[in-house]
Amino acid sequence: MARSRVLSIIDLTDQEIESWRALAARAAEPNPYFEPEMLVPAVRELSGGSELRLLVVDEAPGGAGEPAAAGQDGWWAALPFEMVPGDKHWPWRHASTGSDFLALYCPLGTPLVDGSRVDAAVEALVDALHERRRELGQAVDLHLLVHDGRIGQRLEEVCRERGIPVHTWGGDPRGAVRFDEGEPGSWAERMPRGKSLARGRRRLERAVGETLVLEDRGDDPEIAKAFLDFEQQGWKGDASRGGMGFRSRRGGQEWFTQMVAGFAATGRAHVFALVAGGVLLHMAVIVCTGSTAFGYFDVYSEEWARYGPGAIGRMMALSWLDENSDVEVFDSSMNPSLYKDATDLFPDRLAMASSTLVTGGVFARLTMRLMRTAARVVRRFR
């Protein structure tokens, strides 16, 4: 039998962090943005995340003080969230995976669900959201799940079975590469700008006077510092130009360093450096989890910007992943409305969807019905 708990991430014990990490390792759908390597140092070092909570579903003890049945220990599901003020999706304070803090650092909102018992775990997660409806504000916003993903589809099915209304909204398709489609290497032929990138690469090599080389420096213990130093040299490190470099955020350097080290400890962090001779042109952080690679952060040299080192570096990183890993899908993690040109680089798309689950009773469901009716009226008269 499953139970649910709400834990404060900043107060987690070492044992709870290990249980969370073990769940992430066997998750049905990977989501490194919801792993402890990402969020534990974030709430400890960055400002704004101290209220982050974790809804956990696990096996209930067998009785008064009795342990769980053999083979049934471990977490079933985990969902980070924060309480947010009322908005256009729900008028009162409620739980959300798209708070200002989570939206800034977590561009994927898929809950971590035990891959060995997806059906039972998702059912228990939905039941937990309903049972804790008062605590969670009668509704929960789930931001940016893969629309046709296994977890999103099962959540929708269980909500329908339980009679829980789901209002789906938002979620533009974002750039991706599906290495598992077609013949090996055929993804490169589908690249919309493949030929122009090849020409740009040759121009850049002529300009620098050296051959471009992509190096994976993920196992370098000083690589986080090197990335931050490189970032500091460009506009991202200049607050007067609107830069949001990590060193300009309180605790940003400490969080980034711990996050990269955490993923590197399990061999999942790749920090690619595009170099020509002694010239550093582009760096990118990519995290591989399961059969998916996630683009985290990248930065390019402004001195050589006219040659497009960012796009060239991304293309070469994709080739490296295809040739040297078992990755089947690359998720750019980019918001297409903010990074249209970069999104256009990729040949494939991941359809994303956000939704609001109304977990409250009759009054809550009536509220959602009225809000949706009002929204349709407003759209009709615009």
Side-chain angles (χ1 to χ4, degrees), residues 7-27 29-50 52-54 56 74-75 77-81 97 101-115 215-231 245-247 249-273 283-299 317 321 325-327 330-331 333:
L7 307 176
S8 170
I9 290 181
I10 203 168
D11 296 323
L12 290 176
T13 66
D14 291 343
Q15 182 177 354
E16 289 167 338
I17 291 173
E18 285 305 313
S19 294
W20 186 3
R21 184 173 288 123
L23 170 64
R26 60 178 188 273
E29 278 188 57
N31 184 357
Y33 299 102
F34 279 2
E35 292 193 29
E37 281 73 14
M38 181 78 178
L39 292 179
V40 169
V43 299
R44 291 176 177 173
E45 304 294 347
L46 296 168
S47 60
S50 61
L52 198 60
R53 301 289 183 266
L54 191 68
V56 174
W75 289 8
L79 180 69
F81 71 92
T97 63
F101 185 85
L102 286 171
L104 182 60
Y105 295 103
C106 303
L108 181 65
T110 305
L112 295 176
V113 174
D114 188 341
E215 300 173 351
D216 181 11
R217 300 179 179 176
D219 58 355
D220 180 351
E222 298 297 320
I223 194 58
K225 180 181 182 301
F227 184 96
L228 295 172
D229 288 345
F230 189 45
E231 181 186 61
F246 294 115
R247 283 182 176 153
R249 312 177 196 185
R250 193 177 77 179
Q253 175 171 305
E254 293 77 9
W255 164 72
F256 182 81
T257 301
Q258 293 174 40
M259 182 270 296
V260 171
F263 284 118
T266 54
R268 293 185 291 155
H270 300 277
V271 184
F272 293 109
M283 295 187 77
V285 179
I286 294 175
V287 173
C288 294
T289 298
S291 61
T292 305
F294 297 86
Y296 261 56
F297 312 103
D298 73 340
V299 61
L321 291 171
S325 75
D326 296 326
V327 165
F330 174 79
D331 180 351
S333 302

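Start at 1 with the first residue, then count along the sequence.
Listed here is the closest heavy atom pair of Gly295 and Phe330: N-CE1, 3.7 Å. Nearest heavy-atom pair across Ile286 and Ala293 is CG2-CB, 3.9 Å. Of all heavy-atom pairs spanning Pro30 and Thr292, the tightest one is CG-OG1, 3.9 Å.
Looking at residues two or more places apart in sequence or on another chain, you find a side-chain hydrogen bond (donor to acceptor under 3.5 Å, both in side chains) between Asp114 and Arg26, Ser116, Arg117.
With Trp20 as the fixed residue, the side chain to side chain contact (heavy atoms under 4.5 Å, CB included) test singles out one of Leu7, Ile9, Val56: Ile9.
Taking NZ of Lys225 as the reference point, atom CZ of Arg247 lies at 6.0 Å (rounded to 0.5 Å). The distance from atom CG of Leu102 to atom CG of Leu52, rounded to the nearest 0.5 Å, is 5.0 Å. Rounding to the nearest 0.5 Å gives a distance of 15.5 Å between NE2 of His270 and CZ of Arg217. Separating the CD atom in Glu29 from the OG atom in Ser291 is a distance of 10.0 Å, to the nearest 0.5 Å. Here CZ of Arg249 is found 5.0 Å from CG of Leu104. Values are rounded to the nearest 0.5 Å.
Phe263 places none of its side-chain heavy atoms less than 4.5 Å from the side chain of Val285. Within the 4.5 Å cutoff, the side chain of Glu16 has no heavy atoms near those of the Leu54 side chain. Contact check for Phe297 versus Glu231: no side-chain heavy atoms found under the 4.5 Å cut-off. Here the side chains of Pro107 and Tyr33 are in contact, with some heavy-atom distance below 4.5 Å. Two residues are said to be in side-chain contact when any heavy atoms from C-beta on lie closer than 4.5 Å; Cys106 and Phe34 meet this criterion. In this structure, the side chains of Ser8 and Arg53 come closer than 4.5 Å at one or more pairs of heavy atoms.
Taking the six-membered ring where the residue is Trp, Tyr105 and Phe101 present tilted rings, their angle falling between 30° and 60°.
Separation of the Phe246 and Phe227 ring centroids does not fall under the 6.0 Å cut-off.
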Please tabulate, one pair per line, all N/O donor-acceptor pairs under 3.5 Å involving side-chain atoms of residues 36-43, not counting sequence neighbours.
| unit_1 | atom_1 | unit_2 | atom_2 | d |
| --- | --- | --- | --- | --- |
| Glu37 | OE2 | Arg21 | NE | 2.5 |
| Glu37 | OE2 | Arg21 | NH2 | 3.4 |

